[in-house]
Each structure stands twice: as structure tokens, then as C-alpha cells.
> 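Below is the structure I would like to discuss, written out as C-alpha cells.
Throughout, protein chains are lettered first and strands after them, A, B, ... in sequence-line order, and every chain is numbered starting at 1.
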Number of protein chains: 2
Amino acid sequence: MSIIFSRQCEYALQAVTYLALKTNGEMTSIKELAKKLGIPYHFLGKILQDLTYKGLLVSQKGPSGGFRLAMPAKDITLFHVVEAIDGVGFTKNCVLGFPDCSGQNPCAVHEKWAGLRDGIYSMLVNKNIAQIAKETRKPEYV
Amino acid sequence: MSIIFSRQCEYALQAVTYLALKTNGEMTSIKELAKKLGIPYHFLGKILQDLTYKGLLVSQKGPSGGFRLAMPAKDITLFHVVEAIDGVGFTKNCVLGFPDCSGQNPCAVHEKWAGLRDGIYSMLVNKNIAQIAKETRKPEYV
DNA sequence: ATAATTTAAGATAAGAAAGTCTGATTATGA
DNA sequence: TCATAATCAGACTTTCTTATCTTAAATTAT
Ligand code: FES
Ligand code: FES
């Protein structure tokens with residue numbers, strides 16, 4: 001099966017965009033996120049913990065605790081999340097799996113792929129998640 | 001780690017483009033492919049077996065046996081290989097991992113991603129592997 | 001015929017990713 | 001204070017992917 005981002009990363013992206021919808025400093029619990037997004041509870045817990053450790057989220061224990069963004073939504077992009085979970089390998093790897101990807105040693109589709117790869121990068125950085133939250137219409141988020 | 005195609009699929013793509021360089025009906029052994037491309041011998045064997053089963057390659061046992069393309073290189077695209085190994089899921093899945101990806105139920109980057117996805121598809125179908133073989137300069141292939 | 005070479009096939013192992021479970025810790029609010 | 005609700009942390013299990021090993025079957029050339 002072909003994939004772009006790991007499942008962990010997909011979950012993280014969904015969770016962060018969901019958190020972006022909570023405008024005031026409100027905390028959101030793992031329970032709510034897991035339920036609304038259909039993500040396994042404990043697995044999501046690990047991921048949020050990870051994002052907290054990486055500085056993207058802030059957590060709070062106890063009743064009415066949970067997670068919120070560590071900074072204004074306009075300062076976070078999807079790329080920050082991908083970077084934190086999957087790393088930035090996809091921005092420089094050969095799509096055919098050759099060990100060295102560069103203009104010096106291009107595979108048959110290197111030029112084309114380099115362009116698409118940049119396009120994916122742009123997709124991830126050109127909108128902050130405040131904008132993304134505003135445009136979101138997924139039923140999962142309601 | 002983010003990836004586009006499975007490692008199996010990458011190996012398959014590399015092997016098929018390598019086979020495309022053998023113009024006359026010549027057979028190529030797993031040994032040669034594994035050595036030149038740096039792919040684990042037995043693992044590659046399985047993959048080539050699979051591609052044979054799927055009809056992309058023809059195999060021959062015994063001394064001077066091996067594998068060759070089952071049809072003229074101009075009739076095969078990278079997409080055929082991806083389709084055979086990883087399937088076509090990537091042409092229709094949401095990049096953020098949402099279960100339903102469509103214009104009816106778009107995520108925040110659906111429009112952008114749909115375009116890039118088409119670009120990847122084009123990259124895979126717009127050249128046949130005869131053309132690809134001709135343009136290839138990877139040292140692995142020499 | 002027979003020895004050598006090659007793919008076919010299946011079992012198994014090793015590793016990574018995904019998911020689960022349990023108990024500890026921390027904070028809230030009655 | 002004390003029960004409750006939440007994250008934190010670690011071990012564990014399951015599943016999938018990748019890789020290895022071994023034997024069988026087929027083909028070729030001697
Ligand atoms: S070498 Fe293949 S994409 Fe760059
Ligand atoms: S819904 Fe996300 S890419 Fe289509």
C-alpha cells in the first residue's frame with residue numbers, strides 16, 4: 001500500500017487542526033479528540049504526548065485538563081506537525097527509492113518529482129492552521 | 001518516516017526499469033539485478049515472482065534463465081508496476097488520512113492535494129519505460 | 001543421464017508500526 | 001480532605017513489512 005504520511009502523522013494532523021478550532025484557551029481531552037476523530041484512545045494519547053514534548057501543544061492534567069496549542073494557530077503550519085512526527089525525509093528522497101537523489105544523479109523522473117515534492121511542501125507551509133480551521137467543513141470536527 | 005511507495009514497490013520499479021535496458025529478448029538473473037541494484041537477493045526474488053504472476057514479467061528457469069519484460073517496454077509504464085505491487089489507493093486517498101476524500105467532503109487541503117495527486121499519476125503514466133530506460137543515467141544501471 | 005544453474009515455494013525470523021493495558025501522577029472541585 | 005478526572009509513562013501485544021533460509025522443480029549443457 002502506498003502512503004504519504006504515517007498513520008501517526010495523519011492522526012497528529014487531524015488532532016492539531018481540530019484543536020485549532022478551539023479559539024479561546026480552552027483545553028480538549030484525549031477522550032473528545034479520540035471520539036470525534038475516530039482514533040484509538042491510547043494511541044492518540046501517545047501522539048499528543050509526543051507533540052507536547054516537541055513543543056507544539058501544551059497539556060494540563062486533572063479535571064478540565066487536556067491539550068491546547070502551544071502558540072497562536074496562525075503560527076503553526078501542517079509542516080510543523082509533519083516535521084515533528086515523520087521528519088522531513090520526504091522533501092529530499094527519491095520517489096523510486098534510489099539512495100542518492102539530486103540533479104547530479106537524477107533518476108528518470110527526478111525533475112518531475114522534484115516539482116511535485118515542492119508542491120507538497122508548499123501545501124504544508126502555505127496555510128497556517130488558523131486558516132485551515134476556518135475553511136474546515138469535515139463532519140468529524142462538529 | 002514519510003514514504004510514497006513501499007520498499008517492495010521501489011525495488012520493483014528499479015528492477016523493471018533495469019530490465020527495460022535489455023533490448024533483445026535477453027534474460028536477466030535475480031543475481032545480476034540484486035547485485036547491481038543493491039537489493040536483498042531472496043526478497044527481490046519474491047518481488048519478481050509477483051510481477052511475473054501479475055503478467056508484467058516472464059520468467060525462465062535453468063542456466064541462462066532469469067526474467068524479462070512480458071511485453072515491449074513501450075507498452076509498460078511505472079504506473080503498471082505501482083498498480084501491481086502497491087495498488088492504486090494513493091490516487092484517491094486523503095493526504096490527511098480522513099476516511100472520505102472527495103469534493104463533497106473535502107479536507108482543508110483537498111483541492112491542492114487532488115492536483116498534486118494527479119501530477120504524481122501523470123508522472124507515472126506519461127512515460128513508458130522504454131523512454132525511461134533511454135534517459136536513465138543512474139550508475140546502478142551500468 | 002547427469003551435473004550445474006536458475007526460478008518457485010513455503011516456512012520462518014527480525015524489525016517496525018500500530019494499538020492496548022495498567023498503574024502512577026497531577027489537578028480540580030465538592 | 002477526598003473522590004474524581006485527566007495526562008504520563010512504561011510494558012506489552014498484535015499486525016504488517018522486510019528479509020532470510022531451505023528445499024523442490026525446471027532447464028540447460030556436457
Ligand atoms: S533521483 Fe529519483 S527523484 Fe531524485
Ligand atoms: S479529503 Fe483530504 S485530500 Fe481529499
Side-chain angles (χ1 to χ4, degrees), chain A residues 1-15 19 22 25-35 37-70 82 84-87 89 97 99, chain B residues 1-15 19 22 25-35 37-70 82 84-87 89 97 99:
Chain A
M1 191 49 159
S2 312
I3 61 164
I4 306 293
F5 303 124
S6 71
R7 187 165 286 172
Q8 273 197 57
C9 192
E10 292 177 348
Y11 290 164
L13 289 163
Q14 294 178 23
L19 289 178
K22 305 294 180 78
E26 187 185 353
M27 290 288 193
T28 307
S29 68
I30 303 176
K31 192 156 82 175
E32 175 179 343
L33 283 160
K35 192 165 195 176
L37 299 172
I39 301 173
Y41 180 90
H42 290 95
F43 193 34
L44 179 57
K46 299 266 176 239
I47 297 167
L48 297 177
Q49 222 172 298
D50 206 1
L51 290 172
T52 303
Y53 176 78
K54 297 276 173 54
L56 268 73
L57 303 182
V58 166
S59 70
Q60 166 106 43
K61 288 182 181 175
S64 80
F67 296 84
R68 64 171 173 78
L69 302 178
V82 172
I85 303 293
D86 274 356
Chain B
M1 190 49 158
S2 312
I3 61 165
I4 306 293
F5 302 125
S6 71
R7 186 167 266 156
Q8 273 197 56
C9 192
E10 292 177 348
Y11 290 164
L13 289 163
Q14 293 178 25
L19 289 176
K22 304 295 180 77
E26 186 183 352
M27 289 289 192
T28 307
S29 68
I30 303 177
K31 191 156 81 175
E32 175 179 343
L33 284 159
K35 191 165 197 174
L37 299 172
I39 301 174
Y41 181 91
H42 291 94
F43 193 35
L44 180 57
K46 299 268 178 232
I47 297 168
L48 297 176
Q49 220 173 300
D50 205 2
L51 290 172
T52 303
Y53 177 78
K54 297 275 173 54
L56 268 72
L57 303 182
V58 166
S59 72
Q60 165 105 46
K61 288 181 181 175
S64 80
F67 297 83
R68 64 170 173 79
L69 302 179
V82 172
I85 303 294
D86 274 356

> Going 5' to 3' through nucleotides 20-30 of chain C, assign each nucleotide B (protein heavy atom under 4.0 Å from a base atom), S (under 4.0 Å only from sugar-phosphate atoms) or - (no protein heavy atom that close).
BBB--BBBB--
> Could you state the atom-to-atom distance from CD of A/Glu10 to P of C/dG19 in whole Å?
10 Å
> Could I get the full list of side-chain hydrogen bond (donor to acceptor under 3.5 Å, both in side chains) partners for B/Glu32, not counting sequence neighbours?
B/Tyr18, B/Lys22
> Roughly, in whole Å, what's the span from CD1 in A/Ile30 to C1' in C/dG19?
14 Å
> Of all nucleotides in DNA chain D with an atom under 4.0 Å from a non-hydrogen atom of chain A, which is the first and which the last going 5' to 3'?
D/dT4 to D/dA11
> Between A/Met1 and A/Ser59, which is nearer to the 5' end of DNA chain D once each is assigned its nearest nucleotide?
A/Ser59
> Please enumerate all residues that pass side-chain contact (heavy atoms from CB on, under 4.5 Å) together with B/Ile4, with sequence neighbours excluded.
A/Ile4, A/Val95, A/Trp113
> Give the rounded distance in Å between these two atoms: CD1 of A/Ile85 and P of C/dA16.
18 Å
> I'd like to check the side-chain contact (heavy atoms from CB on, under 4.5 Å) partners of A/Lys35; sequence neighbours left out, ordered by chain and number.
none
> Mind checking side-chain contact (heavy atoms from CB on, under 4.5 Å) for A/Pro40 and listing every partner two or more places apart, or none if nothing turns up?
A/Tyr11, A/Phe43
> Just jot down the ring-ring contact (aromatic ring centres under 6.0 Å, His included) partners of A/Phe67, sequence neighbours excluded, or say none.
none
> What's the verdict on side-chain contact (heavy atoms from CB on, under 4.5 Å) for B/Leu44 and B/Leu37, showing C-alpha distance, side-chain angles and the deciding distance?
CA-CA 10 Å; B/Leu44 180 57; B/Leu37 299 172; 5.6 Å; no
> Under the side-chain hydrogen bond (donor to acceptor under 3.5 Å, both in side chains) rule, collect the residues that match up with A/Ser6, sequence neighbours excluded.
A/Asp86
> Expressed in angstrom and rounded to an integer, what is the separation of A/Tyr11 atom OH from C/dA17 atom P?
15 Å
> Could you tell me which residues satisfy salt bridge (Lys or Arg N to Asp or Glu O under 4.0 Å) with A/Lys54, sequence neighbours excluded, listed by chain and number?
A/Asp50
> For the pair made of CZ in B/Arg7 and P in C/dG15, what is the distance, rounded to whole Å?
13 Å
> What residue pairs, at least two apart or across chains, pass salt bridge (charged side-chain N to carboxylate O under 4.0 Å, His left out) with a residue in residues 3-14 of chain B?
none
> Which residues pass the side-chain hydrogen bond (donor to acceptor under 3.5 Å, both in side chains) test with B/Glu26, sequence neighbours left out?
none
> Work out which heavy atom in A/Ala12 is nearest to a heavy atom in A/Leu51; give both atom names and the distance.
CB-CD1, 3.9 Å
> Taking five pairs at each end, how big is the angle between the two axes of the helix from C/dA1-D/dT30 to C/dA30-D/dT1, to 10°?
10°
> Which is true for B/Gly45 with a 4.0 Å heavy-atom rule: it touches a base, it touches only sugar-phosphate, or it touches nothing?
nothing
